Amino acid sequence: PGSGGWFISYHFHCAGGGSGLLKSTTGSPFGPFTDLVHGVPGGDVSIFRDPADGEVYAISSGGSLVASLLSKDMGTILKHITISPECGSAPCEHNAIGFEGPFALEVNGSYFLSSSAFGNKQHHGGPRSAYDSSSAPANSHYSSFMGKAASFLGPYTDAHGQNGSWLALDSGGHNNYFTYQGSI
């Protein structure tokens, strides 16, 4: 996206760690790679280029889902924008997508934002929720949830047009989506 090439996202939990993007210095997917941008908040970074305006974002998680707008050369973070609120201990399906592994795509003018959370078809929540405990319902899994919006920055809604999200892939966890012949 943006400047073209091959990229790797990273997140280190160690002292001095953090999240960011590496870019291939040779134009090859095999690298070598060099640091492109550092300081993306949270982890589980993915890249999204908005076809509406060409802007490139690093999407990350760590409470809320954040889109970090990158400069044209993708070497500087210009601003951080929360695109889905924190999915905490309460059920999230009416206000948030999930809490980990965000991934976005655009299909025919509609934007889809996916993220992982603990839950089931009826409800989901964050890492401190009842859905991530020994008392969780038997059909509660670590799944992929999705919201839909008219613009990349949201707001995202469920399958009925209400704020929030729906179960996209039961037990799917982190994942990426793609289009095939115009469909997700």
Side-chain angles (χ1 to χ4, degrees), residues 9-21 37-50 55-70 77-106 110-137 139-177:
S9 65
Y10 65 86
H11 178 75
F12 295 107
H13 288 281
C14 59
S19 295
L21 298 170
V37 67
H38 188 79
V40 176
D44 298 339
V45 180
S46 65
I47 304 172
F48 178 75
R49 181 180 179 275
D50 189 342
E55 298 287 8
V56 177
Y57 298 86
I59 312 167
S60 57
S61 60
S64 57
L65 303 183
V66 175
S68 297
L69 176 61
L70 302 176
I77 297 171
L78 301 176
K79 65 180 173 178
H80 304 293
I81 305 149
T82 298
I83 54 176
S84 180
E86 183 171 353
C87 184
S89 59
C92 303
E93 63 276 357
H94 299 301
N95 65 4
I97 309 300
F99 70 95
E100 283 190 318
F103 184 80
L105 76 155
E106 181 270 343
S110 292
Y111 293 79
F112 297 89
L113 176 63
S114 173
S115 187
S116 304
F118 297 101
N120 56 36
K121 189 174 181 180
Q122 291 77 34
H123 304 286
H124 67 282
R128 298 171 304 282
S129 71
Y131 304 102
D132 180 31
S133 69
S134 58
S135 61
N139 65 346
S140 181
H141 306 110
Y142 188 63
S143 299
S144 176
F145 294 86
M146 186 174 287
K148 180 180 178 181
S151 74
F152 170 64
L153 298 177
Y156 285 88
T157 61
D158 65 16
H160 305 290
Q162 303 298 312
N163 285 342
S165 58
W166 68 86
L167 176 64
L169 185 60
D170 189 29
S171 296
H174 297 207
N175 53 75
N176 296 307
Y177 294 86

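Bear in mind the structure is a predicted one, so any value in this text is a computation, not a measurement.
- Note that the OH atom of Y177 and the CG atom of L169 stand 5.0 Å from one another [nearest 0.5 Å].
- With a 4.5 Å cut-off on side-chain heavy atoms, Y10 and H38 count as touching.
- Closest non-hydrogen pair, G98 versus S115, comes out as C-OG, 3.5 Å.
- Here CD of E100 is found 12.0 Å from OG of S60. Values are rounded to the nearest 0.5 Å.
- The two residues F118 and F99 make their nearest non-hydrogen contact at CE1-CZ, 3.6 Å.
- When all heavy atoms of C92 and G126 are compared, the closest pair comes out as SG-N, 3.9 Å.
- Taking each heavy atom of S144 and G173 in turn, the nearest pair found is CB-O, 3.6 Å.
- The main-chain N or O of G42 is found under 3.5 Å from a side-chain atom of S19 such that the two form a donor-acceptor pair.
- Between K121 and N139, the closest side-chain pair of non-hydrogen atoms is not below 4.5 Å.
- Checked by atom type and distance alone, the side chain of S165 never pairs as donor or acceptor with a backbone atom of F145 at under 3.5 Å.
- To the nearest 0.5 Å, atom CG of residue L69 and atom NE2 of residue H80 are 10.0 Å apart.
- Without hydrogens or angle criteria, E93 side chain to H124 main chain gives a donor-acceptor distance under 3.5 Å.
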Take L70 and I47, measure what side-chain contact (heavy atoms from CB on, under 4.5 Å) needs, and give me the verdict at the end.
-> CA-CA 10 Å; L70 302 176; I47 304 172; 5.6 Å; no

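- Residues V40 and G20 come closest through the heavy atom pair CG2-CA, 4.0 Å.
- Between atom OG of residue S110 and atom CG of residue L105 there is a gap of 10.0 Å, rounded to the nearest 0.5 Å.
- Distance alone, capped at 3.5 Å, is enough to place a donor-acceptor pair between the S116 side chain and the H174 backbone.
- Between Y131 and H123, the ring-plane angle classifies as parallel under the 30° and 60° cut-offs.
- Inspection of the S143 and D170 side chains reveals an N or O donor paired with an N or O acceptor under 3.5 Å.
- Here the straight-line distance linking atom CG of L153 with atom OH of Y57 works out to 4.5 Å at 0.5 Å rounding.
- Residue F152 comes nearest to A104 through the heavy atom pair CE1-CB, 3.8 Å, listed as atom of the first residue, atom of the second, then distance.
- For the atom pair CG of L113 and NZ of K148, the computed distance is 14.0 Å after rounding to the nearest 0.5 Å.
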